[in-house]
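Data first, discussion second: the structure below is written as structure tokens.
Start at 1 with the first residue, then count along the sequence. Bear in mind that the values here come from a model prediction, so they are computed numbers and not experimental data. Below, each value reflects all heavy atoms present in this structure, side chains not excepted, and no hydrogens, waters or symmetry copies.
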Amino acid sequence: MEPVYKYYKPAWRSFYKLLILMLLLIILAGVASFVGPLKSGTKYFAWMWIAVIVIDVLLLIYVAIKRSTMLLVLRDNPDKAEDQEVAFIVCHPTRPFSSDFRQSIEIGLANITHIKVGQTMFQTLFNIGDIIITSSGTATEEIFAPNIPNPQAVRDEIQIHARKYTMPSGSQPSGVAAPAE
């Protein structure tokens, strides 16, 4: 059987609040430059546009860094027991010299007890959501992966791989009828 290694990052569209803020800043600057008094001169408007562009570029850099520092990983290699897990890796670029710079949480596929998808109304519109995974031995969420694109498909894929290690051989998964003879 082929090993499966899948990587899921937060979607670009998951940063819709910041992207809308960037667009609003540009619109407000455009309206202010057309509606603003003509006596104030062009220097004021030039500085305003420079400030808006700098803020938008900083927000875009922040979104790119935030997206690149989170990763949900599904590893399923039947030949290696250590490669049968779901991992969530987060880097904190604001703490480069701390032991908290890179944090990783791994749950073995055999230990997964529950996978939940949480979505707000806007996340539903953009087809993104939060994946919440709990494992045996804990009652609280262990992995919280925010803003994953197509979260139901990701949840289903993780469940399919987890069932291979949690079901006794020969039994049917719940909700699946036995084949008719």
Side chains of residues 123-133: which donor-acceptor pairs under 3.5 Å do they make with residues two or more places apart or in other chains?
unit_1: Gln123; atom_1: OE1; unit_2: Thr120; atom_2: N; d: 2.9
unit_1: Gln123; atom_1: NE2; unit_2: Asp130; atom_2: OD1; d: 3.3
unit_1: Gln123; atom_1: NE2; unit_2: Asn147; atom_2: OD1; d: 2.9
unit_1: Thr124; atom_1: OG1; unit_2: Thr120; atom_2: O; d: 2.9
unit_1: Asp130; atom_1: OD1; unit_2: Asn147; atom_2: N; d: 3.0

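Contact detail for Pro10 and Ile148: the closest heavy-atom pair is N-CD1, 4.4 Å. Of all non-hydrogen atoms in Thr69 and Lys66, the two that sit nearest each other are OG1-O, 3.0 Å. Of all the heavy atoms in Pro3 and Pro78, the pair that sits closest is CA-CD, 4.4 Å. Here the shortest heavy-atom pairing between Glu142 and Ile105 reads O-CD1, 3.4 Å.
The backbone N or O of Thr134 lies less than 3.5 Å from a partner atom in the side chain of Thr113, making a donor-acceptor pair. Under a 3.5 Å cut-off, the side chain of Arg75 and the backbone N or O of Glu85 do not form any donor-acceptor pair.
Here the rule is side-chain contact (heavy atoms from CB on, under 4.5 Å) with Asp56, and of Leu25, Ile61, Leu18, Leu21 only Leu25 fits it.
Contact check for Pro146 versus Met70: side-chain heavy atoms found under the 4.5 Å cut-off. Residues His92 and Ser98 are not in side-chain contact: their nearest non-hydrogen atoms beyond the backbone lie 4.5 Å or more apart.
Leu71 and Ile107 fall into different hydrophobic clusters, where Ile, Leu, Val, Met, Phe, Trp and Tyr side chains are chained together by heavy-atom contacts under 4.5 Å. A chain of hydrophobic side-chain contacts below 4.5 Å, direct or via other Ile, Leu, Val, Met, Phe, Trp or Tyr residues, connects Leu23 to Val31.
The closest side-chain donor-acceptor pair between Asn111 and Tyr165, if any, does not fall under 3.5 angstrom.
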